[in-house]
> 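I have a structure here, written as structure tokens, and I will follow up with some questions on it.
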Amino acid sequence: MKRITIAEAGSHVGETVEIPGWLYNLRRSGKILFPILRDGTGIMQCVAVKNQLDAETFQTLRHLTQESSLVMRGRIRAEKRAPGGYEMDVEGAEIVQRVPEDDPYPITPKEHGIEFLMDRRHLWLRSRRQHAILRVRHEVVRAVRDYLDSHGFTLVDTPIFTPAACEGTTTLFPVNYFDDETLYLTQSGQLYNEATAMAFGKVYCFGPTFRAERSKTRRHLTEFWMVEPEMAYATLEDVKQVAEGLIVAVVERVLENRRRELETLERDVSKLERVKAPFPRITYDEAVELLKSKGSDIQWGEDFGGPDETILGESFDRPVMVDRYPKKVKAFYFQPAPDRDDVVLGVDIIAPEGYGEIVGGGQRIHDLELLRKRLEEYNLPEDAFDWYIDLRKYGTVPHAGFGMGIERFVAWMCGLEHVRETIAFPRMLYRTRP
């Protein structure tokens, strides 16, 4: 008998097939059972009629427990009212493993608290909501790669073990390496991207990054995934154009391919449909004035906090670009503005609807002596950056890039309150299990 997935059911209407999966739910109505089967590609309602099955099979299905694994056999037919548009008329079933009644599946259709669910994250992933979120995440990742690959960028992986800080020394996770050497989990692949950009022109890395920030907010994880494009012979304006094109393309792909998942999440897609180029562009100076006009007590020279980013994002119907930040709130490698030494050529892109910064980047220092001066100002050891300094000795050019955090982007796409649901096993200040 042909074995298919639920997603393939539409191509097998009228055929008798088998589908391996798990019992998602079970409804009983006298002599008819309605087992709901899931298999990772979708959910299908099955119809088991007592007088069309042998007694043992019917009774086995009748008393089957939630999340028991089984192979369901039967004929596929179209049914507009059913989830996915198809149902199976059951002809038989093979039980692979029956969840015991005295130790039932812990996540039932009733309401559970978030801590209860997070403690059972390995099981919670089976729910329709979590399934929809991670399908959207998958689409975001695919779209990011496709966009960069089709625009001349080369994927070059960067190390996770690094000898020095990139963003700041206070947010590093130290690791004991061989012979008592201390290394750190990467905060960003950017410095290495600058080296590979000098070899390939346009590159990106895509992998996990780690920030030892003691933040317990809805926007922070200690381990998250980031895509970081970097370009030789590029400026701040190039960063803006590439980031804008990337964001628009990814949003369009999610809307095109994941409508059903967004419906499951009850996402208001009309807000995503407004994400079109060009994005509004304001300076840091203008952003501070806007924030003050809306009641913020921020002062010039301060970095934006979560509430400030929320106010800025809610002031526009699409992402807004904020550039020319004060030098003291940005990392050592940012190129100073040619007309003002107190601001740098950096840009943050803040999502609408209060989802905060989704892109941060800008133009890098390419002058050797200025880079050395910045390392000294930031109390960073020059010997730890000897190879990075070499890039300014041998063929230095203006170059620029940015990073985009996947989890925040997915939270925005899905309309989620917290980033913890955007990755299979989140790592947060007080959560390292499961």
> Could you tell me whether Arg211 and Glu223 have a side-chain N and a carboxylate O separated by less than 4.0 Å?
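A salt bridge is absent here (no side-chain N lies under 4.0 Å from a carboxylate O).
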
> Can you tell me how far apart CG (Leu246) and CD1 (Ile349) are? Round to the nearest 0.5 Å.
9.0 Å

> Determine, using ring centers only, whether Tyr177 and Phe161 are less than 6.0 Å apart.
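Yes, the ring centres sit under 6.0 Å apart.
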
> Taking the side chain as every heavy atom from C-beta outward, state whether His399 and Asn193 have any pair of such atoms under 4.5 Å apart.
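No. Closest side-chain heavy atoms not under 4.5 Å.
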
> Between Arg324 and Asp339, is there a salt bridge with N-O shorter than 4.0 Å?
yes

> Where do Thr186 and Pro208 come nearest, in terms of heavy atoms and distance?
CG2-O, 3.7 Å

> Tell me whether Glu286 at atom CD has more than 12 heavy atoms from other residues, nucleotides or ligands lying less than 6.0 Å away.
yes

> Could you check whether Glu18 pairs with Lys2 (Lys NZ or Arg NE/NH1/NH2 to Asp/Glu carboxylate O, under 4.0 Å)?
no

> Report yes if the side chains of Tyr86 and Val13 come closer than 4.5 Å at any heavy-atom pair, otherwise no.
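Yes, their side chains come closer than 4.5 Å.
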
> Under a 3.5 Å distance rule, please check whether Ser315 uses its side chain to pair with a backbone N or O of Ile311 as donor and acceptor.
yes

> State, yes or no, whether a side-chain contact exists between Leu368 and Lys393 at a heavy-atom distance under 4.5 Å.
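Result yes, sub-4.5 Å side-chain heavy-atom pair found.
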
> Please determine whether a side-chain nitrogen of the Lys or Arg among Lys202 and Glu230 lies less than 4.0 Å from a carboxylate oxygen of the Asp or Glu.
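No, Lys202 and Glu230 are not salt-bridged.
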
> Looking at Glu181, is its backbone amide N or carbonyl O close enough to the side chain of Asp179 to form a donor-acceptor pair, meaning the two atoms are under 3.5 Å apart?
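Here the side-chain-to-backbone pair does not exist.
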
> Atom CD1 in Ile95, atom OG in Ser69: separation rounded to 0.5 Å?
8.0 Å

> With a 4.5 Å limit on heavy-atom distance, are the side chains of Pro398 and Gln335 in contact?
no

> Mind checking the CE-CZ spacing from Met404 to Phe206? Nearest 0.5 Å is all I need.
7.0 Å

> Are the side chains of Val320 and Pro280 in touch, meaning some heavy atoms are under 4.5 Å apart?
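Yes, at least one pair of side-chain atoms sits under 4.5 Å.
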
> Any cation-pi pair here, Arg374 with Tyr378, using under 6.0 Å and within 45°?
no

> Should the pair Arg372-Asp367 be classified as a salt bridge under the 4.0 Å nitrogen-to-oxygen rule?
no

> Using salt bridge (charged side-chain N to carboxylate O under 4.0 Å, His left out) as the criterion, point out the one residue from Arg431, Arg420, Arg433, Arg121 that pairs with Glu115.
Arg431

> Just by distance, no angles: are the side chains of Tyr204 and Asp149 close enough, under 3.5 Å, to form a donor-acceptor pair?
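Their side chains do contain a donor-acceptor pair, which is all the 3.5 Å distance test asks for.
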
> Under 4.0 Å between a side-chain nitrogen and a carboxylate oxygen: does that hold for Glu67 and Arg38?
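A salt bridge is present here (some side-chain N lies under 4.0 Å from a carboxylate O).
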
> Is it the case that more than 12 heavy atoms not belonging to Tyr233 sit under 6.0 Å from its OH atom?
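Not buried by this count: 12 neighbours or fewer within 6.0 Å.
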
> Using a 6.0 Å distance limit plus a 45 degree cone around the ring axis, check whether Arg27 lies over the aromatic ring of Phe34.
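Arg27 over Phe34 ring: yes.
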
> Could you tell me whether the side chain of Trp300 reaches within less than 4.5 Å of the side chain of Asp342, counting heavy atoms only?
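Of all side-chain heavy-atom pairs linking Trp300 with Asp342, at least one is under 4.5 Å.
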
> Determine yes or no for a side-chain-to-main-chain donor-acceptor pair under 3.5 angstrom, with Glu79 supplying the side chain and Arg81 the backbone.
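Here the side-chain-to-backbone pair exists.
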
> Is Asp238 reaching over with its side chain to a backbone N or O of Thr235, donor-acceptor style, under 3.5 angstrom?
yes

> What I want to find out is whether Arg135 reaches Glu261 closely enough, with some N-O distance under 4.0 Å, to be called a salt bridge.
no

> Tell me whether Asp323 contacts the main-chain N or O of Tyr284 through its side chain, where contact means a donor paired with an acceptor under 3.5 Å.
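Side chain of Asp323 to backbone of Tyr284, a donor-acceptor pair under 3.5 Å: no, none is there.
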
> What do the steps show when you test Phe334 against Leu345 for side chain to side chain contact (heavy atoms under 4.5 Å, CB included), and what is the final call?
CA-CA 7 Å; Phe334 276 92; Leu345 300 179; 6.0 Å; no

> Any side-chain heavy atom of Arg73 within less than 4.5 Å of one from Val17?
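No. Closest side-chain heavy atoms not under 4.5 Å.
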
> Under the side chain to side chain donor-acceptor pair (under 3.5 Å) test against Asn257, which residue among Glu139, His138, Glu252, Arg142 passes?
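Of the listed options, the one satisfying the test is Glu139.
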
> Counting only N and O atoms by type, is there a donor-acceptor contact under 3.5 Å from the side chain of Thr65 to the main-chain atoms of Val99?
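Indeed, once roles are kept as given, a pair shorter than 3.5 Å links the two residues.
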
> Which of parallel (below 30°), tilted (30 to 60°) and perpendicular (above 60°) describes Trp387 and Tyr192?
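Judged by the thresholds at 30° and 60°, the geometry between Trp387 and Tyr192 is parallel.
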
> How close do Thr222 and Met428 get, counting heavy atoms only, and between which atoms?
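So the two residues come closest at OG1-N, 3.9 Å.
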
> Looking at every heavy atom in both Val251 and Leu272, which two are closest together, and how far apart are they?
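Shortest heavy-atom contact: CG1-O, 3.6 Å.
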
> Among Met226, Gln187, Gln190, find the residue that satisfies the side chain to side chain contact (heavy atoms under 4.5 Å, CB included) test when tested with Thr209.
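Single side chain to side chain contact (heavy atoms under 4.5 Å, CB included) partner of Thr209 among Met226, Gln187, Gln190: Met226.
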
> Within the distance-only criterion (no hydrogens, no angle test), does the side chain of Glu8 pair as donor or acceptor with the backbone N or O of Arg3 below 3.5 angstrom?
no

> Does any part of the side chain of Thr171, heavy atoms only, come nearer than 4.5 Å to the side chain of Phe210, both counted from C-beta?
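No, their side chains stay 4.5 Å or more apart.
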
> Any chance you could measure Phe304, atom CZ, to Ile350, atom CD1, to the nearest 0.5 Å?
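So the gap between those two atoms works out to 6.0 Å.
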
> In a check of salt bridge (charged side-chain N to carboxylate O under 4.0 Å, His left out) between Glu273 and each of Arg267, Arg318, Arg259, which one passes?
Arg259

> Do Ser188 and Glu228 have side-chain atoms, one donor and one acceptor, less than 3.5 Å apart?
yes

> Taking 4.0 angstrom as the limit, do Glu407 and Arg219 come out as a salt bridge?
no

> Does the Lys NZ or Arg CZ of Arg392 fall within the cation-pi geometry relative to Tyr388 - under 6.0 Å from the ring centre and within 45° of the axis?
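The answer is yes, since Arg392 meets both limits relative to Tyr388.
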
> Using 30° and 60° as the class boundaries, would you call the ring planes of Tyr147 and His151 parallel, tilted or perpendicular?
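Parallel.
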
> Taking the side chain from Arg145 and the backbone from Val141, do they hold a donor-acceptor pair closer than 3.5 Å?
no

> Nearest 0.5 angstrom please: Gln45 CD to Met88 CE, how far?
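Here the interatomic distance stands at 12.5 Å.
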
> For atom CD of Glu266, is the number of surrounding heavy atoms from other residues, nucleotides or ligands below 6.0 Å larger than 12?
no

> On a heavy-atom basis, which atom in Val203 and which in Ala197 lie closest, and how many Å separate them?
CG2-N, 3.8 Å

> Specify the closest pair of heavy atoms between Arg253 and Asp146, including all atoms of both residues, with the distance to one decimal.
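Taking every non-hydrogen atom into account, NH1-OD2, 3.0 Å.
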
> If only atom types and distance count, is the side chain of Glu309 paired as donor or acceptor with the main-chain N or O of Glu357 below 3.5 Å?
yes

> Below 4.0 angstrom, N of the basic side chain to O of the carboxylate: do Glu87 and Lys80 qualify?
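Not counted as a salt bridge, because no side-chain N and carboxylate O are separated by less than 4.0 Å.
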
> Crowded around Arg260 CZ? As in, over 12 foreign heavy atoms under 6.0 Å?
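Count not over threshold, so no.
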
> How close do Val140 and Ile406 get, counting heavy atoms only, and between which atoms?
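Shortest heavy-atom separation between Val140 and Ile406 comes out as CG1-CD1, 4.3 Å.
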
> Gln363 side chain to Leu236 main-chain N or O, any donor-acceptor pair under 3.5 Å?
yes

> Does the pair Thr41 and Asp39 meet the rule for a side chain to side chain donor-acceptor pair (under 3.5 Å), with working shown?
CA-CA 6 Å; Thr41 72; Asp39 74 341; 2.8 Å; yes

> For atom NZ of Lys373, is the number of surrounding heavy atoms from other residues, nucleotides or ligands below 6.0 Å larger than 12?
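Count not over threshold, so no.
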
> Can you measure from SG (Cys46) to CD1 (Ile19) and round to the nearest 0.5 angstrom?
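Going from the SG atom of Cys46 to the CD1 atom of Ile19 covers 6.5 Å.
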
> Is the distance between the ring centroids of Phe385 and Tyr333 under 6.0 Å?
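No.
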
